[in-house]
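Quick caveat: nothing in here was measured; it's all calculated off a predicted structure.
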Amino acid sequence: MTAIAVLGSTNMDLVAYVARAPGRGETVTGREFRTVPGGKGANQALAAARAGGEVVMIGAVGTDEYGSRLRTTLEHAGIDTDLLHTVAGPSGTAHVVVDDEGSNAIVVVPGANGTVTALGPGEHAAIAAAGLLLLQLELPLRVVTEAARAARSLGVRTILTPSPVQPLPAELLDAVDLLIPNEHEAAALSGYDDPHAAAQILLRQVPEVVITLGGKGCLYAARGGETVPFPAPEVTAVDTTGAGDTFVGTLAVALGEGRAVPEAVAWASSAAALCVQRPGASSSMPYRSEIDAA
């Protein structure tokens, strides 16, 4: 079983479903509202656990009702939450609007996630025991960089999802093995809208890149090799929230099992395709048996 450590956010997703997202200064009427456990870190942890990984979650929740529910959701998936600390105050929240095309717009309020600023001995031990470390950017950049550098010193493979996108210091990128941006994040980081060109720029900073392209699939590129496109399964999207995190968590499991990149990407793409056909983020993530059957 693949051992995976996830350092990242836990948020309660407050999701409003609308026919059309409102423009600036505009009010629209929604048809449904849901509260769904999420956060990029928790989502990737849950996706990896459902895909068959052995996962430890590193982060923080608040002392509110959301915090209890977030912890319970992860524990019910078999995720180790001993390093998911409880801190005074509110948990993180993500305010999500999903339209009839399945597209979303999200505002994240960090809450407890903002208190995760450094690693303790327990966190270092968890990273050392893992085969892979998953990172995102919904925690302070300082601790993300510290974790990546710790993993590099321990020989643990590190995967970074650069979201929400921001300028990344060289000391972080130097410790990343695989970077997985979406096409918009890749453009912001590279200065190139074309994903193929963006991949080549990003390879100057990291050894491997997967750029996700939504319904168009993804591109894989590694130093010294060709950029390889992978098409996505053709499905009708209901809600794309959490699809990228499903892809990353599932891909991590496949890579940890030693699968070749084409097989690993295809398996992760199948998981993401299943995810977008269901509403919600964590609630839509498929189990291993479903991915295998897709």
Report yes if some heavy atom in the side chain of [X] is under 4.5 Å from a heavy atom in the side chain of [Y]; otherwise report no.
X	Y	result
Cys218	Val265	yes
Val253	Trp267	yes
Leu134	Leu7	no
His85	Glu123	yes
Leu178	Thr158	no
Leu213	Pro195	yes
Asn11	Tyr66	no
Ile127	Leu154	yes

Quick test of your reading of the model: are [X] and [Y] salt-bridged, counting only N-O distances below 4.0 Å?
X	Y	answer
Asp13	Arg34	no
Arg142	Glu171	no
Arg69	Asp64	no
Arg278	Glu290	yes
Lys216	Glu183	yes

For [Y], does its backbone N or O pair with a side-chain atom of [X] as donor and acceptor, under 3.5 Å?
X	Y	answer
Arg223	Leu203	yes
Arg50	Tyr287	no
Thr250	Phe247	no
Arg71	Leu84	yes
Thr212	Gly214	no
Thr35	Leu14	no

Using the rule given for side-chain contact (heavy atoms from CB on, under 4.5 Å), can you reason through Glu54 versus Thr2, listing the C-alpha separation, both sets of side-chain angles and the distance that settles it, and then say yes or no? CA-CA 6 Å; Glu54 181 179 352; Thr2 303; over 6 Å; no

For [X] and [Y], work out which heavy atoms get closest and say how close.
X	Y	value
Gly242	Asn43	CA-ND2, 4.5 Å
Leu139	Asn113	CD2-O, 3.5 Å
Thr246	Ala272	CG2-N, 3.9 Å
Leu135	Val144	CD1-O, 3.8 Å

Going by salt bridge (Lys or Arg N to Asp or Glu O under 4.0 Å), name the residues that satisfy it together with Arg204, two or more places apart in sequence or in a different chain.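 With sequence neighbours excluded, Arg204 shows a salt bridge (Lys or Arg N to Asp or Glu O under 4.0 Å) to no residue whatsoever.
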
Would you check, one step at a time, whether the test salt bridge (Lys or Arg N to Asp or Glu O under 4.0 Å) holds for Arg152 with Asp177? CA-CA 9 Å; Arg152 175 55 56 88; Asp177 296 295; 3.1 Å; yes

Begin with the C-alpha distance, continue with both residues' side-chain angles, and end with the deciding distance and a verdict on side-chain contact (heavy atoms from CB on, under 4.5 Å) for Val98 and Val18. CA-CA 6 Å; Val98 180; Val18 298; over 6 Å; no

Hey, is [atom1] on [X] packed in by over 12 heavy atoms from elsewhere, all under 6.0 Å?
X	atom1	result
Gln166	CD	yes
Glu32	CD	yes
Glu26	CD	yes

Would you tell me whether Gln200 and Thr227 have side-chain atoms, one donor and one acceptor, within less than 3.5 Å of each other?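 Yes, because at least one side-chain N or O of Gln200 sits under 3.5 Å from a partner of the opposite role on Thr227.
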
Between Ser163 and Gln136, is any side-chain donor less than 3.5 angstrom from a side-chain acceptor? no

According to a hydrophobic-cluster definition based on side-chain heavy atoms being under 4.5 Å apart (Ile, Leu, Val, Met, Phe, Trp, Tyr only), do Val15 and Val108 belong together?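 Looking at the clustering, Val108 is in the same group as Val15.
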
Would you check, one step at a time, whether the test salt bridge (Lys or Arg N to Asp or Glu O under 4.0 Å) holds for Asp245 with Lys40? CA-CA 6 Å; Asp245 296 327; Lys40 295 196 72 64; 2.8 Å; yes

